[in-house]
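If you scroll down you'll find the structure; I have some questions about it.
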Amino acid sequence: MFLNLNFYLLLLDTDEEKDQFVQIYNTYRNLMYYVARKILKDDYLAEDAVHNAFLKIIKHLEKLGDLHCHKTKNFLVIIVENTAKDIYNKQKRNNVFLDSLETELPNDKNLEDDILNQLEAYEIIKEIQLIPEIYRDVLMLRIIYDLSYKEISNILNITESTIRKRFERARIKLFEILNKELMNR
């Protein structure tokens with residue numbers, strides 16, 4: 001079903017990286033396959049998506065923390081979801097591009113800081129789930145995993161300028177949601 005693990009290990013340099021990857025591979029390959037299969041509805045395409053996702057993961061192994069941490073699981077799911085969506089779009093020849101509408105960020109930086117200081121971290125994470133997925137993935141990869149725009153661009157296979165625009169829009173949407181939350185208190 002999956003490529004031989006040894007193929008991936010050839011791409012890694014240190015024993016520590018190899019051990020980490022083996023653990024990730026053995027723990028998450030079935031979940032990643034399930035996620036890809038759900039999107040693509042094809043066994044072979046799902047295998048391709050998982051393979052491509054593992055190649056992307058190898059490039060960002062240093063960003064991954066504890067194997068059983070929810071952040072690691074979310075990171076892997078985001079990568080395989082987006083890889084599967086890329087394959088799906090190529091199969092359908094229906095690439096989706098963001099429009100070029102300009103949206104201004106809130107100018108009142110102090111207000112934004114006050115809002116974030118007043119809300120607990122778990123409330124913010126709960127509110128992030130309300131943001132559309134297209135923006136949420138970029139926001140999580142940028143803020144939680146501390147990836148650069150270029151790294152996110154490589155993972156999601158989208159241009160850097162699109163990543164920047166999605167991050168900007170995600171911040172605006174999160175700010176609006178958090179602002180509403182504070183007003184309702």
Side-chain angles (χ1 to χ4, degrees), residues 1-98 125 128-167 170:
M1 182 162 121
F2 294 102
L3 275 177
N4 188 324
L5 179 60
N6 291 329
F7 168 79
Y8 299 111
L9 297 179
L10 290 172
L11 301 173
L12 298 167
D13 296 324
T14 68
D15 288 338
E16 184 179 290
E17 288 176 333
K18 290 177 183 181
D19 290 341
Q20 181 185 13
F21 186 81
V22 167
Q23 290 178 351
I24 290 169
Y25 181 86
N26 289 332
T27 304
Y28 292 108
R29 72 175 179 229
N30 291 330
L31 171 65
M32 292 171 66
Y33 176 78
Y34 173 79
V35 169
R37 177 74 175 84
K38 188 175 176 183
I39 293 168
L40 296 166
K41 298 176 183 16
D42 180 273
D43 293 335
Y44 296 110
L45 291 176
E47 287 177 25
D48 286 347
V50 172
H51 168 69
N52 291 338
F54 275 129
L55 292 176
K56 291 176 182 179
I57 290 165
I58 285 174
K59 294 178 184 177
H60 300 285
L61 269 180
E62 73 282 351
K63 301 283 185 183
L64 298 176
D66 179 39
L67 177 66
H68 300 290
C69 174
H70 66 82
K71 285 174 59 175
T72 299
K73 181 179 176 181
N74 290 342
F75 182 78
L76 300 175
V77 168
I78 288 170
I79 290 175
V80 78
E81 278 179 343
N82 283 285
T83 303
K85 288 174 185 175
D86 286 346
I87 290 172
Y88 178 83
N89 287 334
K90 286 178 186 174
Q91 290 294 319
K92 295 294 183 182
R93 298 187 190 281
N94 182 21
N95 293 323
V96 178
F97 296 100
L98 288 178
I125 291 171
I128 286 175
Q129 299 306 315
L130 300 175
I131 296 174
E133 182 180 355
I134 192 170
Y135 304 122
R136 183 176 58 233
D137 291 348
V138 172
L139 185 69
M140 290 178 67
L141 290 171
R142 180 79 175 130
I143 293 179
I144 295 174
Y145 299 104
D146 197 31
L147 296 177
S148 69
Y149 293 118
K150 184 173 185 151
E151 290 170 322
I152 298 170
S153 171
N154 290 334
I155 288 172
L156 300 182
N157 200 25
I158 303 171
T159 65
E160 259 186 85
S161 62
T162 302
I163 295 297
R164 288 178 192 280
K165 183 54 73 178
R166 285 185 184 179
F167 180 70

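Nothing here was measured: the structure is a model prediction, and the numbers come from that model. Below, all heavy atoms of this structure are taken into account, side chains as well, without hydrogens, waters or symmetry copies. Sequence positions, counted from 1, serve as the residue numbers for this chain.
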Worked verdict on Met32 versus Ile57 for side-chain contact (heavy atoms from CB on, under 4.5 Å): CA-CA 12 Å; Met32 292 171 66; Ile57 290 165; 3.6 Å; yes
Taken to the nearest 0.5 Å, the spacing of Asn52 CG from Thr83 OG1 works out to 6.5 Å
Please report the closest heavy-atom contact between Ala49 and Leu40, naming both atoms and the distance. CB-CD1, 3.9 Å
Any sub-3.5 Å donor-acceptor pair from Thr72's side-chain atoms to Asp66's backbone N or O? yes
What orientation do Phe54 and Tyr25 show, parallel under 30°, tilted 30 to 60°, or perpendicular over 60°? tilted
How many angstroms lie between atom CD1 of Ile152 and atom CG of Leu147, to the nearest 0.5 angstrom? 5.5 Å
I'd like to know whether Leu61 forms a side-chain contact (heavy atoms from CB on, under 4.5 Å) with Ile24, so could you lay out the CA-CA distance, the side-chain angles of the two residues, the decisive distance to 0.1 Å, and finally the verdict. CA-CA 10 Å; Leu61 269 180; Ile24 290 169; 3.7 Å; yes
In terms of heavy-atom contacts, Phe75 and His60 come closest through CZ-CB, 4.1 Å
Considering non-hydrogen atoms only, spot the tightest contact between Ile39 and Tyr88 and give its length. O-CD1, 4.2 Å
Gap between atom CZ of Arg136 and atom CG of Asn74 - 0.5 Å precision: 10.0 Å
Straight-line distance of Glu47 CD to Arg37 CZ, nearest 0.5 Å: 10.0 Å
Taking side-chain hydrogen bond (donor to acceptor under 3.5 Å, both in side chains) as the test, write out the residues that go with Asn26, two or more places apart. Arg29
Quick one: does Leu31's side chain get under 4.5 Å of Val77's, heavy atoms only? yes
Mind checking the CZ-CD spacing from Arg142 to Glu151? Nearest 0.5 Å is all I need. 9.0 Å
If you define the side chain from C-beta out and look only at heavy atoms, does anything of Val80 sit under 4.5 Å from Val50? yes
Give a yes or no on this: more than 12 heavy atoms of other residues, nucleotides or ligands lie within 6.0 Å of atom CD of Glu62. yes
Please report the closest heavy-atom contact between Leu45 and Asp42, naming both atoms and the distance. N-OD1, 2.7 Å
Check whether any side-chain heavy atom of Leu141 sits under 4.5 Å from a side-chain heavy atom of Ile163, and report yes or no. no
My understanding is that only residues two or more places apart in sequence, or in another chain, count here; which of them pass side-chain hydrogen bond (donor to acceptor under 3.5 Å, both in side chains) with Lys85? Glu133
Derivation and outcome, side-chain contact (heavy atoms from CB on, under 4.5 Å), residues Asp137 and Arg166: CA-CA 9 Å; Asp137 291 348; Arg166 285 185 184 179; over 6 Å; no
Identify the two heavy atoms, one from Val138 and one from Ile134, that lie closest to each other, and give their separation to 0.1 Å. CG2-O, 3.9 Å
Check Lys56 against Asn154 and note the closest heavy-atom contact, atom names and distance. CE-O, 3.9 Å
To the nearest 0.5 Å, tell me how far Lys18 NZ sits from Phe21 CZ. 12.0 Å
